[in-house]
*Asks:* 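Take a look at this one; I'll ask things after.
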Amino acid sequence: MQKRERLNQISSAYPVSLPITHTIEAVRAHYPNLEADISTGDEVSVAGRIMFLRNTGKLCFATLQSGTGERIQAMISLDKVGEETLESWKELVDLGDHVFVRGEVITSKRGELSILADEWLMAAKTIRPLPNLHNELGEEFRVRHRYIDLIVRDRAREVVKIRAQVMQSIRNTFANRAFMEIETPMLQVVHGGASARPFKTHSNAFDTELFLRIAPELFLKRAVVGGLERVFEVNRNFRNEGADRTHSPEFAMLEAYEAYGDYHTMAQLTQDLIQNAAMDVFGTHQVALYDGTENDLGGTWPKMSMFHSLSEAAGVEITPATDMAELKKLAKSVEIDIEHPLHGKYVEELWEHFVKPGLDRPTFVTDFPVDTSPLTRDHRSISGVVEKWDLYIRGFEQATGYSELVDPVVQRERFMAQMELAKSGDPEAMKLDEEFLKALEFGMPPSGGMGMGIDRLLMSLTGLGIRETILFPLVK
RNA sequence: GGGCCUAUAGCUCAGUAGGUAGAGCAACGGACUUUUAAUCCGUGGGUCGACGGUUCGAGCCCGUCUGGGCCCA
């Protein structure tokens, strides 16, 4: 703080602008491999944050870092700048400061590319110390102080960059297929499109209770009714539920709808989106994760029927017609402790117990129970199941896709069934959305739809936990 | 919701058996014109997460709460 005052007396601790001529990256790129102890005669002006500081008697060294993490050494020598300037450097400059340096590009006697300063200026003074760079920061500190994490940890910057590149790739894939990106409400009068508990809020202007959306589905479908035949949206969903390694209360969700598509075309689209992203960002479908393992996203991903795979793994034939008592008996025998009115809930829980742990390669699990998928149309030939898949990658749910239910009468019946569930105490049961039903009554073309968690996609591509793929995750 | 672990300096951590609170880096003072986590000499720095209890005495033992993590449901 005293240094800030001193700087303000001399010039400024926080100048409005500085005559920078080169980025650190540009200087590095221009002199890729100079010999040691060379003077180039070229003068540059750069600025960067001081990551290391080595002040000796009459010659000082500092490592400057740019926003991308690129670094270059600055040298302040007595015979170049004079005693007063050298002394002010030693007195006023700390680790973490942004400084401006003008001088000749040289290499040191040890061969380090450096700028031998004729002049230095404070670019922005830090009044708090940087953490030491010789130990890993604790996870808690990194999440609460992501801006520091970004300064000191290459990987933190890298994850942000990968995420941006993945989003770019996804948008490219959609653009190449004539999908339009649209935005639908986050504040909703009736929440819908998923089974989850919502966050509630209140509008003063409308004097009404509003919900943060749990999914954009019902609005994207309205868009399809309106003739926007290929639409997608990437934005935040909010679910008022637990947070752990794979769940965040707010998370980025991609949803896409394609008129005249079905769950098969959406499966292909989803595989293409993920494979294109891996190829665009990493140049391969065999993605190397940070934990040293590899995630093989290549090839055509297999499809596996939920009922068939469960029957096989459990050693008992299980169909939509299997008696509830039998499902309960089976659940009890493997110590799955659930009490739920829905047949399909037991089937899904049993499937997760018997089959899911063995899933390693990306797999589309298809043809789900009707009663747990109220927005999906009945299977075209198998009774009792719907045309829905869940994509599992490395054993956890990555995406879902439907042949959308477009029959307004059947949709109303499904909502009524959900209301019965809500009455019996299920807090996640869907609400009946009368305005959405009205839209369907105007005729929605047969359509496929898909949804994918973006944070989870980043997890699949990096092997990190969700709090590392989200730049600023919620912390208490 | 249940169980287990955890919280000590700006950061990363140690703290034995209950007996004056420690290290490295950072900071401060000094030396040093080629350093690369510079080095050397010296100095300062703590509500030991909070509250309560046991004890002559608590960072350490006990209880409650708060934050964080892991496992189970």
Side-chain angles (χ1 to χ4, degrees), chain A residues 1-4 6 28 34-39 48-65 70-83 85-87 89-97 101 103-117 125-154 156 197 241-248 331-332 334-340 345-346 348-350 352-353 357 425 427 464-468 473-476:
Chain A
M1 285 298 270
Q2 292 82 357
K3 291 179 184 178
R4 194 191 86 101
R6 283 273 295 128
R28 277 236 167 259
L34 289 182
E35 304 275 306
D37 207 10
I38 288 203
S39 300
R49 190 189 287 273
I50 295 183
M51 303 306 286
F52 297 106
L53 200 54
R54 297 173 290 278
N55 286 351
T56 67
K58 301 186 175 68
L59 179 62
C60 300
F61 302 87
T63 304
L64 305 190
Q65 177 175 289
E70 195 76 64
R71 292 175 176 180
I72 197 163
Q73 178 167 272
M75 295 166 64
I76 320 289
S77 91
L78 177 65
D79 55 20
K80 271 282 175 190
V81 299
E83 194 161 339
T85 303
L86 183 72
E87 283 310 309
W89 168 274
K90 288 206 269 190
E91 183 195 342
L92 298 173
V93 172
D94 290 310
L95 275 182
D97 289 347
V101 175
E104 185 185 358
V105 178
I106 63 161
T107 51
S108 71
K109 283 183 181 166
R110 295 287 185 84
E112 183 76 33
L113 186 65
S114 307
I115 296 163
L116 181 59
K125 181 69 192 164
T126 176
I127 56 175
R128 286 182 189 266
L130 233 41
N132 88 65
L133 283 79
H134 317 311
N135 298 98
E136 293 257 308
L137 292 173
E139 145 101 23
E140 173 75 358
F141 185 88
R142 294 208 312 260
V143 167
R144 286 184 187 272
H145 305 89
R146 184 70 82 195
Y147 49 95
I148 295 173
D149 191 26
L150 290 167
I151 294 166
V152 303
R153 197 167 58 102
D154 292 341
R197 298 184 205 200
E241 294 166 357
D244 59 29
R245 203 181 152 71
T246 58
H247 295 81
S248 170
K332 198 159 189 182
V334 293
E335 291 173 351
I336 297 175
D337 181 26
I338 51 165
E339 193 51 53
H340 202 275
K345 188 77 180 168
Y346 281 88
E348 289 182 5
E349 292 283 340
L350 286 167
E352 283 188 20
H353 176 267
L464 297 169
I466 198 164
R467 278 155 65 92
E468 295 293 336
L474 181 68
V475 283
K476 264 218 261 190

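Each chain gets a letter, A, B and so on, in the order the sequences are listed, and its residues count up from 1.
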*Asks:* Say you pick atom P in B/G18 and the same atom in B/G59; how far apart are they, in whole Å?
*Replies:*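 B/G18 and B/G59 have their P atoms separated by 13 Å.
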
*Asks:* Roughly, in whole Å, what's the span from CG in A/Leu78 to C1' in B/C32?
*Replies:*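 Spelled out: CG on A/Leu78 to C1' on B/C32 is 13 Å.
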
*Asks:* Would the base of B/U35 count as contacting A/Ser108 through its side chain, where contact means a donor and an acceptor less than 3.5 Å apart?
*Replies:*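 A donor-acceptor contact between them is present.
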
*Asks:* Between B/G42 and B/C62, how far apart are the P atoms? Round to whole Å, please.
*Replies:*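 Taking atom P in both B/C62 and B/G42, they lie 41 Å apart.
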
*Asks:* Whole Å only: how far is the CZ atom of A/Arg128 from the C1' atom of B/G45?
*Replies:*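 Checked: the CZ to C1' distance equals 16 Å.
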
*Asks:* Determine yes or no for a side-chain-to-main-chain donor-acceptor pair under 3.5 angstrom, with A/Arg49 supplying the side chain and A/Gly96 the backbone.
*Replies:*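 Checked: pair present.
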
*Asks:* Hunt down the Watson-Crick or G-U wobble partner of B/A50, both distances under 3.5 Å, from any strand shown, or write none.
*Replies:*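 Checking every strand shown, B/A50 finds its partner in B/U64, with both distances under 3.5 Å.
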
*Asks:* Can you tell me the pairing partner of B/A27 across any strand shown, Watson-Crick or G-U wobble, with both distances under 3.5 angstrom?
*Replies:*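 In the structure as shown, B/A27 has B/U43 as its Watson-Crick or wobble partner.
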
*Asks:* Please report, rounded to the nearest Å, how far the P atom of B/A38 is from the NE2 atom of A/His134.
*Replies:*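 Nearest whole value for this atom pair: 6 Å.
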
*Asks:* When you measure from the side chain of A/Thr107 to the backbone N and O of A/Ile38, does any donor-acceptor pair fall under 3.5 Å?
*Replies:*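 Flag set: sc A/Thr107 to bb A/Ile38 pair under 3.5 Å.
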
*Asks:* For the pair made of CD in A/Glu139 and P in B/A7, what is the distance, rounded to whole Å?
*Replies:*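 Computing the A/Glu139:CD to B/A7:P distance gives 17 Å.
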
*Asks:* For A/Arg144, answer base if it contacts any base atom (sugar-phosphate contacts may also be present), sugar-phosphate if it contacts only those atoms, and nothing otherwise; contact means non-hydrogen atoms under 4.0 Å.
*Replies:*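 Here A/Arg144 touches the backbone only, sparing every base.
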
*Asks:* Taking the same atom, C1', in B/G45 and in B/A9, what whole-Å distance lies between them?
*Replies:*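 Result for the C1' pair: 7 Å, nearest Å.
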
*Asks:* How far, in whole Å, is B/U47 from B/C51 if one measures between their P atoms?
*Replies:*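 It comes out at 12 Å once rounded to the nearest Å.
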
*Asks:* Would you say a side-chain N or O of A/Arg110 is under 4.0 Å from OP1 or OP2 of B/U35?
*Replies:*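 The answer is yes; a side-chain N or O of A/Arg110 sits under 4.0 Å from OP1 or OP2.
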
*Asks:* In the structure shown, which nucleotide is the Watson-Crick or G-U wobble counterpart of B/C32, with both distances under 3.5 Å?
*Replies:*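 Matched B/C32 with nothing under the 3.5 Å cut-off.
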
*Asks:* If you assign A/His145 and A/Asp94 each to the RNA chain B nucleotide with the nearest heavy atom, which residue ends up on the more 5' nucleotide?
*Replies:*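 Nearer the 5' end of the strand: A/His145.
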
*Asks:* Is any side-chain N of the basic residue among A/Lys109 and A/Asp37 closer than 4.0 Å to the acidic one's carboxylate O?
*Replies:*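 Judged by the 4.0 Å cut-off on N to carboxylate O distance, A/Lys109 and A/Asp37 do not form a salt bridge.
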
*Asks:* Looking just at side-chain N and O atoms, do A/Arg110 and A/Gln73 make a donor-acceptor pair shorter than 3.5 Å?
*Replies:*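 Side-chain D/A pair, A/Arg110 to A/Gln73: absent.
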
*Asks:* Between A/Leu137 and A/Pro131, what is the shortest heavy-atom contact and its length?
*Replies:*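 Heavy atoms of A/Leu137 and A/Pro131 come nearest at CD2-CB, 3.7 Å.
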
*Asks:* Could you tell me whether A/Glu112 contacts a base, only the sugar-phosphate backbone, or nothing, with contacts defined as non-hydrogen atoms closer than 4.0 Å?
*Replies:*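 Since a base atom lies under 4.0 Å of A/Glu112, the category is base.
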
*Asks:* Can you tell which of B/U36, B/A37, B/U12 lies closest to the side chain of A/Gln73?
*Replies:*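 Nucleotide nearest to A/Gln73's side chain: B/U36.
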
*Asks:* Using the closest heavy atom to pick a nucleotide of RNA chain B for each, name whichever of A/Glu140 or A/Thr107 lands nearer the 5' end.
*Replies:*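 Nearer the 5' end of the strand: A/Thr107.
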
*Asks:* Classify the nucleic acid contact of A/Ile148 as base, sugar-phosphate or nothing, counting any heavy atom under 4.0 Å across all strands shown.
*Replies:*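 Result for A/Ile148 = nothing.
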
*Asks:* So what does A/Arg467 hit on the nucleic acid, given a heavy-atom distance under 4.0 Å: a base, only sugar-phosphate, or nothing?
*Replies:*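 Touches sugar-phosphate only.
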
*Asks:* Less than 4.0 Å between a side-chain N and a carboxylate O, is that true for A/Arg28 and A/Glu70?
*Replies:*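 Salt bridge present between A/Glu70 and A/Arg28.
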
*Asks:* Are A/Lys58 and B/U33 close enough that a side-chain N or O sits under 4.0 Å from OP1 or OP2?
*Replies:*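 For B/U33, OP1 or OP2 has a side-chain N or O of A/Lys58 closer than 4.0 Å.
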
*Asks:* Salt-bridged, A/Glu468 to A/Arg146, with N to O below 4.0 Å?
*Replies:*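 Answer for the salt bridge query: yes.
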
*Asks:* Say we look at B/A17 and B/C56: how far apart would their P atoms be, to the nearest angstrom?
*Replies:*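 About 22 Å, rounded to a whole number of Å.
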
*Asks:* What integer number of Å spans the P atoms of B/C71 and B/G46?
*Replies:*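 Those two atoms are separated by 38 Å.
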
*Asks:* Once you round it to whole Å, what is the distance between C1' of B/A37 and CG of A/Asn55?
*Replies:*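 Value for this atom pair: 15 Å.
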
*Asks:* Have a look at A/Leu95 and say if it touches a base, only the backbone sugar-phosphate, or nothing, with a 4.0 Å heavy-atom cut-off.
*Replies:*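 Sugar-phosphate, no base atom in range.
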
*Asks:* First locate atom CG of A/Asn132, then atom CG of A/Leu95, and finally report the distance between them rounded to the nearest 0.5 Å.
*Replies:*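 CG of A/Leu95 is found 10.0 Å from CG of A/Asn132.
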
*Asks:* Rounded off to whole Å, could you give me the NZ-to-P distance for the A/Lys476 and B/G69 pair?
*Replies:*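 Atom NZ in A/Lys476 sits about 11 Å away from atom P in B/G69.
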
*Asks:* With both distances under 3.5 angstrom, what nucleotide forms a Watson-Crick or G-U wobble pair with B/G1?
*Replies:*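 Looking at the geometry, B/G1 pairs with B/C72.
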
*Asks:* Provide the distance between the two C1' atoms, one in B/A73 and one in B/U55, to the nearest whole Å.
*Replies:*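 Result for the C1' pair: 41 Å, nearest Å.
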
*Asks:* What integer number of Å spans the C1' atoms of B/C65 and B/U6?
*Replies:*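 After rounding to an integer number of Å, I get 16 Å for this pair.
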
*Asks:* Starting at atom CZ of A/Phe141, determine the distance to atom P of B/G10, rounded to an integer number of angstrom.
*Replies:*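 In whole Å, B/G10 P lies 11 Å from A/Phe141 CZ.
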
*Asks:* Provide the Watson-Crick or G-U wobble partner of B/A9, both distances under 3.5 Å; none if there is no partner.
*Replies:*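 The base-pairing partner of B/A9, which may sit in any strand shown, does not exist here.
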
*Asks:* NA contact type, A/Phe61, heavy-atom cut-off 4.0 Å: base, sugar-phosphate, or nothing?
*Replies:*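 Base: the residue A/Phe61, judged by heavy atoms under 4.0 Å, touches a nucleobase.
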
*Asks:* To the nearest angstrom, how far is A/Ile127 atom CD1 from B/G10 atom P?
*Replies:*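 Spelled out: CD1 on A/Ile127 to P on B/G10 is 16 Å.
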
*Asks:* Below the 4.0 Å mark, does B/U35 have OP1 or OP2 next to a side-chain nitrogen or oxygen of A/Arg54?
*Replies:*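 Looking at the OP1 and OP2 atoms of B/U35, neither is under 4.0 Å from any side-chain N or O of A/Arg54.
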
